[in-house]
Amino acid sequence: MFGSRKSGRFRAPGKDSKRKQDDLLNDRSTAGATHMESLENLLLSRDLESNLKQLKTILNKCSDVIYREFVFAQNEQLRLALIYTDGLADKAQVSDQIMRALALEVPMAVPGRVITKAQALEFIKQRGLCIHQIKETNKVSDVVHAILSGDTVLLVDGHDTAIVNGARGWESRSITDPEAEPTVRGPRESFVESLRVNTSLLRRRIKNPNLKIEAFRLGRVTNTDVAIAYIEGIASDKLVAEVKNRLQRIKVDAVLESGYIEELIEEESWSPFPTVNHTEKPDRVAAMLLEGRVAIFVDGTPFVLTVPSLFIEYLHASEDYYERFLFTSAVRIIRFLAAFISLILPSLYIAIVSFHPELLPTSLLLSIAAQREMVPYPAFVEVFFMEVTFEVLREAGIRLPRPIGQAVSIVGALVIGEAAVRAGLIAAATVIVVAFTGISSFTFHYSASISFRLLRFTLMVFSGTLGLFGLTSGLAIIGVHLCTLRSFGVPYLSPVVPTAGADLKDVVFRAPWWAMFTNPRAIVGYYQERQKYGLKPAPPDNRQKT
C-alpha cells in the first residue's frame, strides 16, 4: 500500500518518502561493491582469533569456505589456521604439502629444536611449506580475494601477515580443437576458461622475456582477473599505455566475459563493424602480438581480445599463413568475393528484378518472369521473408543441441524452401539467391558476418526503394563510414586507406614469407624490420655436372 487513506482516497507518497525509497534502492544496489571497497582499509591483527572472527564475519553464509585450525610442529603454543574454498583449492596440496608438512614433517626434520612464536612465520616460509608459490599480505581484501580465487591462506598466531599459497585446483575443461575457428592445417589448440592456462599457451609459442603479461582486476563485485599481453620492443608504447588507461577506467560491478570489456573499450560503439577483434586460437594471438598488437585475456572465457583491429583481419584466416602463398592468395580471392556476395546479392537481385530487368539476358529474364508469374508479392517482400526465415533457422541451429541443431537448420531450409516454391509464395530464383548469400556468409570471420547480415537488410531497403541508385548510395555510405573508423587510433581500413605500399603484401594476395620484411607500419608506427633481406631460396652454385 502506498500513502495513507484520507477522505476515502489514497494519497500518493510525498517527496520525502520517494527520496527515502530511492536511497534504499541505491544502497541495496551498491551494497556489494561498497562492502568490497571498504575492505581495502582493513588490516590483519596479531591475534589469530580476531582475524578468524573478522574473516568469518566477512564470509558469512559461505558454506563452501573451510576453516581448519591446527598446531605447528606439535607445539600447542603455535596455533595456525588454514582457510580455503572447497571446490577451488586442490585438496591433495592442502593435505600433503601444507597441513601434513607443518603438523608432522617439520618436527622430524628439526628434532629437538624449539621454535618460538616470533620465529614461526619466517620458519614456515623458509622450511615449512612444500608448495610451489607463496606470497605475503597484511590486507584483509587480499586475503578474501585469495580465498575466493582458489588459493589457500595460512594465518599464524602472533603475526599480522598471512601467507597465500598457490594451491588452485578446480575442475576445468581440457584443451580441445577450436570450435569457432576450425582449421585443416595448423595448430589445433584452443583457449579455455582458465586465465593461467591461456597465458601458458601463449608463452609456449613466444619464449622471449620481452613478452610481457600484466595483471589487472576488474569488476567491483566479481573481481575478475584480467591480463594484457604484448611484446616489448614491438608493440608501441603509446598503444600499451592507451590499453591500460581504458582498462583502468572501467568501473563496473561485473565482468563475466570478454564481451563486457569489448564494449567498454571500443571507440565506435554505434558502428555495425567490430573494432576489437577476438579469437580462441593461441597461434593467431601470437601472430598478432608479433605484429605489434596487444592481447587482453579475461578469466572465465576462451576468447581473447586483440587491439587494434583492422577490417582486413576478418577476411583472413590463420590457415592462410600455413599453406603456400599461391594457394592462399587464390583462396583469399574467393573469400573476398564471397564476402561481397553476402553483402549485396539480395539487394542486387531486388534492384534488377524490380527496377532494371533490361540488364538481364532475355532467356534469364523470361525464366525469372515465368517463376514469378504466380507469386503475389513484390521481389522485396520475397527476399525479405526468405532472409528472415534463413536467419531464424540459423539461430535455431546454433541454440539447439548440436545433433538436433544441424538437422533443424538443414532439413528446415529444404522443407520450407520447397514448400514455399510449391505454394507459389516464393520464386525458385529467390530461394537460390538467399541460399547462396547465406552460404557465402560462412566463409569469413563470424563477427564480420554479423555486421554484413545487419547491413544486408539496410541495403535491401535502399534497393527496394531506389533500385541500383539506392544500392550504390548505400555502398558509398558504408565506404565513407569505414574510412572514418579508428581502432585505438589506427585507421580501420589500413593499409588500403591510407595506402601503405609496403603493407599491401598481405591484404588480398599474400606475399611469400621470404618477402615479409617489415611489420605493419600502421600498427607499430614506423617501418620495423621483421626479418633479414635475401632469404629467398636459390639453387646451389656448384652443381654436380652430369
Side-chain angles (χ1 to χ4, degrees), residues 180-181 216 218 226-230 235-236 238-250 252 255 257-281 284-285 287-298 301 303-318 335-336 339-340 342-343 441 444-456 458 474-500 503 506-507 519-525:
E181 301 172 85
F216 296 84
L218 298 180
V226 177
I228 66 169
Y230 60 94
S236 169
K238 292 183 179 180
L239 173 61
V240 175
E242 181 64 21
V243 173
K244 292 180 182 179
N245 180 51
R246 295 194 188 187
L247 290 177
Q248 291 169 351
R249 289 178 58 250
I250 297 177
V252 295
V255 174
E257 212 274 340
S258 57
Y260 286 53
I261 295 178
E262 180 179 353
E263 291 194 27
L264 292 169
I265 64 174
E266 64 182 355
E267 299 176 12
E268 301 290 342
S269 300
W270 295 101
S271 173
F273 295 97
T275 54
V276 176
N277 198 359
H278 66 267
T279 179
E280 61 175 346
K281 290 177 62 63
R284 191 172 185 186
V285 173
M288 291 183 177
L289 294 188
L290 290 169
E291 291 184 346
R293 293 177 175 84
V294 177
I296 303 173
F297 294 79
V298 180
T301 176
F303 290 95
V304 175
L305 306 178
T306 58
V307 293
S309 175
L310 305 181
F311 176 75
I312 205 68
E313 293 176 14
Y314 300 98
L315 300 177
H316 292 173
S318 58
R335 197 180 298 140
F336 274 73
F340 191 66
S342 69
L343 178 64
S441 66
F444 50 96
H445 201 280
Y446 182 71
S447 295
S449 70
I450 294 176
S451 304
F452 281 31
R453 285 155 61 184
L454 292 175
L455 294 173
R456 188 187 307 151
T458 305
L475 291 176
I477 294 172
I478 294 173
V480 172
H481 174 69
L482 285 172
C483 291
T484 61
L485 288 182
R486 297 289 186 275
S487 177
F488 283 76
V490 178
Y492 195 53
L493 289 183
S494 298
V496 180
V497 180
T499 304
D503 295 342
D506 191 21
V507 179
N519 279 321
R521 183 183 180 184
I523 297 176
V524 298

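- Side-chain atoms of Ser258 never come within 3.5 Å of backbone atoms of Leu305 as a donor-acceptor pair (strictly under, hydrogens ignored).
- Between atom OH of residue Tyr492 and atom OG1 of residue Thr275 there is a gap of 6.5 Å, rounded to the nearest 0.5 Å.
- Side-chain atoms of Tyr260 and Val252, non-hydrogen and from C-beta on, never get closer than 4.5 Å to each other.
- When the side chain to side chain contact (heavy atoms under 4.5 Å, CB included) test is applied to Val240, the partners found at least two apart in sequence or on another chain are Tyr230, Ala235, Lys244, Val294.
- Between the side chain of Ser447 and the main chain of Pro274, no donor-acceptor pair closer than 3.5 Å is present.
- The heavy-atom pair separating Ala317 from Arg335 by the smallest distance is N-NH1, 3.7 Å.
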Inset, instruction - Please lay out, stage by stage, how Val226 and Ile296 fare under the test side-chain contact (heavy atoms from CB on, under 4.5 Å). - result: CA-CA 7 Å; Val226 177; Ile296 303 173; 3.9 Å; yes

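- With hydrogens and angles disregarded, a donor-acceptor distance shorter than 3.5 Å links the side chain of Thr499 to the backbone of Val496.
- Legend: residues meeting side chain to side chain contact (heavy atoms under 4.5 Å, CB included) with Ser271, ordered by chain and number and at least two apart, are Glu268, Phe273, His481, Leu485.
- Between Ser449 and Ser441, the closest heavy-atom pair is CB-O, 3.4 Å.
- Across every non-hydrogen atom of Asn519 and Asp503, the tightest pair is O-OD1, 3.8 Å.
- Remark: Arg453 CZ to Thr458 OG1 distance equals 13.5 Å, nearest 0.5 Å.
- Between Thr306 and Met288 the shortest heavy-atom distance is OG1-SD, 3.2 Å.
- Atom CG of Leu264 and atom CG of Leu218 lie 9.0 Å apart (nearest 0.5 Å).
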Inset, instruction - Under the side-chain contact (heavy atoms from CB on, under 4.5 Å) rule, what do Asn277 and Val307 come out as? Steps first, then yes or no, please. - result: CA-CA 7 Å; Asn277 198 359; Val307 293; over 6 Å; no

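- For Glu181, the side chain to side chain contact (heavy atoms under 4.5 Å, CB included) criterion is met by Thr279, Glu280, Lys281, Arg284, His445, not counting sequence neighbours.
- Within the structure, the salt bridge (charged side-chain N to carboxylate O under 4.0 Å, His left out) test picks out the following pairs touching residues 308-317 (sequence neighbours left out): Arg293-Glu313.
- Pro491 pairs by the side chain to side chain contact (heavy atoms under 4.5 Å, CB included) definition with Arg486, Ser494, Pro498, not counting sequence neighbours.
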Inset, instruction - Assess whether side-chain contact (heavy atoms from CB on, under 4.5 Å) is satisfied between Phe488 and Val243, documenting all intermediate values. - result: CA-CA 8 Å; Phe488 283 76; Val243 173; 3.7 Å; yes

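- Across all their heavy atoms, Phe444 and Ala339 have their closest contact at CE2-CA, 3.5 Å.
- Of the inter-residue distances, the one linking Asp506 atom CG with Ile312 atom CD1 reads 8.5 Å to the nearest 0.5 angstrom.
- Taken from CD1 in Ile477 to CG in Leu455, the straight-line distance is 11.0 Å, to the nearest 0.5 Å.
- Under the 3.5 Å distance criterion, the side-chain polar atoms of His316 are matched with a main-chain donor or acceptor of Val507.
- Residues meeting the side-chain hydrogen bond (donor to acceptor under 3.5 Å, both in side chains) test with Arg246, sequence neighbours left out: Glu242, Glu267.
- Taking all atoms of both residues into account, the shortest heavy-atom contact from Leu289 to Ala295 is CD2-N, 3.7 Å.
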Inset, instruction - Applying side-chain contact (heavy atoms from CB on, under 4.5 Å), run through Leu493 and Cys483 and close with a yes or a no. - result: CA-CA 6 Å; Leu493 289 183; Cys483 291; 3.8 Å; yes

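- Between the side chains of Ser309 and Tyr314, at least one donor N or O sits under 3.5 Å from an acceptor N or O.
- No side-chain heavy atom of Val276 sits under 4.5 Å from any side-chain heavy atom of Ile261.
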